[in-house]
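Only one structure is covered here, and it is reproduced in the block below.
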Amino acid sequence: MPEELGKTYQPNDAEARNYAFWMEGGYFKPAGDPQKPPYTIVIPPPNVTGQLHLGHAFDNTLQDVLIRYKRMDGFPTLWMPGTDHAGIATQIRVEAELRKTEHVSRHDLGRDAFIRRVWDWKEKYGSRIVEQLQKIGASCDWDRLRFTMDEGLSRAVREVFVSLYEKGLIYRGNRITNICVSCQTALSEAEVEYEDTEGALYYVKYPVTSPESADPAGDAYIVVATTRPETMLGDTAVAVHPEDERFAKLVGKTVLLPLTDREIPVIADDYVERDFGAGVVKITPCHDPNDYEVAKRHNLPELLIMTTDGKINQNGGKYAGLTREEARKAVLRDLEEGGYLLKTDPHRHNVGTCARCHKPVEPMASDQWFVSMKKLAAPAISAVKDGRVKFVPERFEKLYLHWMENVRDWCVSRQIWWGHRIPVWTCEDCGEIIVPREDPVACPKCGGKNLAQDPDVLDTWFSSALWPFSTLGWPDNTPDFERFYPTDVLVTAYDIIYLWVARMIFSGIEHTGKEPFHTVYMHGLLRDQFGKKMSKSAGNGVDPLEMAEQYGTDALRLYLATLATLQGGDMRFVPAHCEHFRNFCNKLWNASRFVLASLGDTDEWTLPDSLTLPDMWIVTKLQTLIYDVTGHLDRYELNLASQKVISFVWDDFCDWYIELAKLQLRNPATADATRQILCYTLEIALRLLHPFAPFITEEIWQCLPGGVREGAALIAARWPSPEHRLRFEHEAAQTELLMDTVRAVRARRNEMKVPPGKKAAWLIETPHTELFGSHAEIFRSLAAAGEIRIVPPARDDAQTPSPESGEGLVRIVTSGAVITLPLDELVDIAAERERRQKERLSVETEIKVLEIKLNNPGFTEKAPERVVSRERERLAELKERMERLS
RNA sequence: GGAGGCAUAGCUCAGCUGGUAGAGCACAUGCUCCACACGCAUGGGGUCACAGGUUCGAGCCCUGUUGUCUCCACCA
């Protein structure tokens, strides 16, 4: 610890030192009362090669707040850390790097060599994200750090795949799948994002070829509307609505597919919308999900015209080898030249894009592995409906349920190299399909040794779905799994409800028989200060580590915590707002310096028996604070919790109590007790603040006298609970009367521009003569009172200087007293008259409003008693004040 | 096309069970008094989007309208 506490808090040094101190002390490991159930959170695993962004900082700060709170509250607490291999994202990164530095592609290297390079990459950067999480104070049990591709987790993946296969819940099928031609792999529905795009609707003539229709009346061609002309190369029919009279006689005839020599039939299907486009749809079974269904219904041939890298294949005739963009241009040019292109209309429509690279996806018929979802979804739906899994805020349940109830089978195969290889082998001798738990050496059917493993890997989310139990040792029944599963809370942003949260829930239920957590605490996304999404390409990303460096990690965390409201959706992060929280940290730092300096070298500590009114006030406020903060944390109202601690420390403790304590310290009769209360209050405030601002609180706490501290570290200190014996409501209210008086006099002096140093004599008229008399020092010190005379309120005679008697007198009416100050030379009499008139008026109207309210029988009869009596009290008070004013 | 969120001070946002509208920043005035100018004191600033309804009482509950954001669906 530093010898002398400097004037400003220096975060960087304190952060590194205290984090190391916690790590060495093993404080992040589950400890606490073995009788209590454990409290577990699994971290949403960041990409192993990723960098900490503001979203991570936010999400993990919230988790750390919960974890630190529960740890202090005595639960054996585990925050399970880990990283994700993030298949496509990582592979793309490494490929880009290889291209840039070595000018080689993954194909140049070959599969095994490439994967080795990715592992190298992982070794190199895998610790970076962990270090960054540690920088922001994450108190994970790092010894348990897991990785989705480590041995244990890979075994869990294998077990799940094989058992789903054995249950018939995994199958291989050919169907339309979204392929990202840039990433060159299939995607699941959840990985496709739809973007509103300005496109065009092309009207193309398809000549009718059936002989009997060579009708001069004008059935020489049929017009088809399409947004994607290049796919016409794969058309195997055109369709019209069965009841569309315009085309009725064409049904069953054939048309010539322009640019090709193929004749295709005209069919009728009610999938066609008569009012849209030309009322005729080209049917391209292999490149459109709806067309695929139509083709199945009508037994149309399927014709695949594209490769997974987005080029036209040999089925595209002379267009083969062109990219889809080139093909579109070429087809349009040829249609135009051939006189087939009737017209082109602008057309807005949604285009599916890859969630990773945001290039348009290509729906394409292909062979993929699917997880059959119907059976898995059912118990995952009831788990939420029956309340075994709760969403906070609740409204996210609807999103979850809607998706789960309409869930489609999950395409889990990916045509990339980095990931869990699909554990399926085919015997090249007898064709047997083998899906084993251990890698096979020979075909179990024919004994043949020519086994070929499926080249694909699994969707990254396949392993993420198992995260809450695979990290704890499943499928083995390890002590960790036994003790910490199911976990408690999952904290994440709403944008991965489908990708991750939903899949964890059904996976947990299916494979462990238990919901993986009882609460899903969802938050929104952080946007920039203009409300725009943060992104690398827009360059508007905020680097959390830069913020932490500039303002201190605790300041960043406090700001993030106040953003964590349950109401709204996304939040704006305004970097300059960190300043306020940095200032707060500095305030706390200096208040602590004051407390420590006033303690001197006393190390003894007991809560004193005899307390002053201000002592009782702050202690009572503190009890309320403990109660409030605990409740807010339990309800996931992290913003309210942090705001209340901050406001207590700043507004109550620093601005009032410390100022009052300065007086008490000068008085030998109260000095000792004051030291104790200063210390007591600070210590509890530090505990309440610790989950939000762990570094500065630990730093200060370590400087407190041993007598107040319980244990060796604040991180492991007991979470406070309110003590009833320390609630002094009456005394606290009395203190408020004194404070009100100070505030009122300060305000008036300020308003009248009385020089701050100029003392004034006070005449205090109050029924609380004893109270005001014994605390006159407060007025001298905090409100520049000089001579003070205290008298009971003058009811009838004029034995005391009557307020009306002097025009140079300023009268200040507060809740407990009337203060009269002779400020002759300073008073602008006319202005003072006007001011009094105004005050009278406002009190008068207030009284009127209240009287109407209280004379309304509806109110007095129906409103709760406490509300009515409070209003009565207020009225009485106002009337009293009015009396004093007039 | 369907669903949901949001609308409160100049700006960014809180607001608990319906019971006297709050904070920070910004602004204004005044303070170097022994914790802190990353500070202290004081102040100005609001038709709680609009229109109805329920209620003794609505920022909060209900209905509708407008604006705005998001998710789901996909009509080529």
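In what follows, every heavy atom counts, from backbone to side chain, and hydrogens, waters and symmetry copies are set aside. Labels below follow one simple rule: chain letters A, B, ... track the order of the sequence lines, proteins then strands, and each chain is numbered from 1. Since the model is a prediction, treat every value here as computed from it, not as a measurement.
- Ring geometry for A:Tyr559 versus A:Phe573: interplanar angle of 30 to 60°, hence tilted.
- Taking the six-membered ring where the residue is Trp, A:Trp403 and A:Tyr498 present parallel rings, their angle staying beneath 30° rather than reaching 60°.
- No salt bridge links A:Arg870 with A:Glu873; every basic N to acidic carboxylate O contact stays at or beyond 4.0 Å.
- Every ring-ring contact (aromatic ring centres under 6.0 Å, His included) that A:His349 has, sequence neighbours left out, goes to A:His347.
- When the C1' atom is used for both B:C75 and B:G15, the distance is 45 Å, rounded to whole Å.
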Would you list the protein and nucleotides 9-12 of chain B atom pairs, both N or O, that sit under 3.5 Å from each other?
from, atom 1, to, atom 2, distance (Å)
B:U12, OP1, A:Arg572, NH1, 3.3

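- Rounding to whole angstrom units, CG of residue A:Leu566 and C1' of B:C6 are separated by 15 Å.
- Separating the C1' atom of B:A49 from that of B:G59 is a span of 12 Å, rounded to the nearest Å.
- Between A:Arg874 and A:Glu877, no side-chain nitrogen of the basic residue sits less than 4.0 Å from a carboxylate oxygen of the acidic one, so the salt-bridge criterion is not met.
- Rounded to whole Å, atom P of B:U68 lies 15 Å from atom NZ of A:Lys532.
- Here the C1' atom of nucleotide B:C71 and the CH2 atom of A:Trp403 are 14 Å apart, to the nearest Å.
- When each of A:Tyr498 and A:Val742 is assigned the nucleotide of RNA chain B with its nearest heavy atom, A:Val742 is the one assigned upstream, toward the 5' end.
- For A:Arg228 and A:Glu362, the salt-bridge test passes: some basic side-chain N is under 4.0 Å from an acidic carboxylate O.
- The CG atom of A:Leu689 lies 6.0 Å from the CG atom of A:Leu558; values are rounded to the nearest 0.5 Å.
- Ion pair A:Glu293/A:Lys296 not flagged as a salt bridge, since none of the NZ, NE, NH1 or NH2 atoms sits closer than 4.0 Å to an Asp/Glu carboxylate oxygen.
- In RNA chain B, stems built from 3 or more consecutive Watson-Crick or G-U wobble pairs, each with both distances under 3.5 Å, span B:1-7 with B:66-72, B:10-13 with B:22-25, B:27-31 with B:39-43, B:49-53 with B:61-65.
- Taking atom CE of A:Met571 as the reference point, atom C1' of B:C69 lies 14 Å away to the nearest angstrom.
- As rounded to whole Å, 8 Å separates atom C1' of B:G15 from atom CG of A:Leu640.
- Atom pair A:His402:NE2 and B:C72:P shows a separation of 10 Å (rounding to whole Å applied).
- Comparing B:G24 with B:A14, their P atoms sit 16 Å apart, to the nearest whole Å.
- B:U12 and B:G18 have their C1' atoms separated by 27 Å, with the value rounded to a whole Å.
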Go along nucleotides 26-40 of chain B 5' to 3' and tag each nucleotide: B for a protein heavy atom under 4.0 Å from its base, S when only backbone or sugar atoms are that close, - otherwise.
-> ----S----BBSBSS

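- B:U17 atom C1' lies 11 Å from atom CZ of A:Arg635, rounded to whole Å.
- Atom C1' of B:U17 sits at a distance of 30 Å from the matching atom of B:U65, rounded to the whole Å.
- Atoms OG1 and CG, from A:Thr553 and A:Asn12 in turn, are 7.5 Å apart once rounded to the nearest 0.5 Å.
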So which protein N/O to nucleotides 74-76 of chain B N/O distances come out below 3.5 Å?
from, atom 1, to, atom 2, distance (Å)
B:C74, N3, A:Asn350, ND2, 2.7
B:C74, N4, A:Asn350, ND2, 2.5
B:C75, OP2, A:Asn290, ND2, 2.1
B:A76, OP2, A:His347, NE2, 3.1
B:A76, O3', A:Thr227, N, 3.4
B:A76, O3', A:Thr227, OG1, 2.8
B:A76, O2', A:Ala225, O, 3.4
B:A76, N6, A:Glu273, O, 2.7
B:A76, N6, A:Phe276, O, 3.2
B:A76, N1, A:Glu273, N, 3.2

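- When the P atom of B:G5 is taken as reference, atom CD of A:Glu394 falls 12 Å away, rounded to whole Å.
- Shortest non-hydrogen contact noted between A:Leu686 and A:Thr697 is O-CG2, 3.7 Å.
- If you take atom P in B:U54 and the same atom in B:C62, they sit 15 Å apart, rounded to whole Å.
- Counting only N and O atoms by type, the side chains of A:Thr562 and A:Asn639 include no donor and acceptor under 3.5 Å apart.
- The two atoms that bring A:Thr231 and A:Ile305 nearest to each other are CA-CD1, 4.0 Å, heavy atoms only.
- Nucleotides B:C71 and B:U29 are separated by 47 Å at their P atoms, to the nearest Å.
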In sequence, state the C-alpha distance, the side-chain angles, and the governing distance for A:Leu782 and A:Met739, and then conclude on side-chain contact (heavy atoms from CB on, under 4.5 Å).
-> CA-CA 9 Å; A:Leu782 300 187; A:Met739 290 164 62; over 6 Å; no

Return the polar atom pairs (N/O with N/O) between nucleotides 19-22 of chain B and the protein under 3.5 Å, or none.
from, atom 1, to, atom 2, distance (Å)
B:G19, O2', A:Arg870, NH2, 3.0

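- Remark: A:Lys662 qualifies as a cation-pi partner of A:Phe594 under the 6.0 Å distance and 45° angle criteria applied to the six-membered ring.
- Atom P of B:C74 sits at a distance of 27 Å from the matching atom of B:U66, rounded to the whole Å.
- In this structure, A:Asp409 contributes its side chain and A:Met373 its backbone to a donor-acceptor pair below 3.5 Å.
- When every heavy atom of A:Ala744 is checked against every heavy atom of A:Thr814, the shortest pair comes out as CB-CG2, 3.4 Å.
- Remark: the A:His577 side chain and the A:Gln529 side chain contain no N/O donor-acceptor pair separated by less than 3.5 Å.
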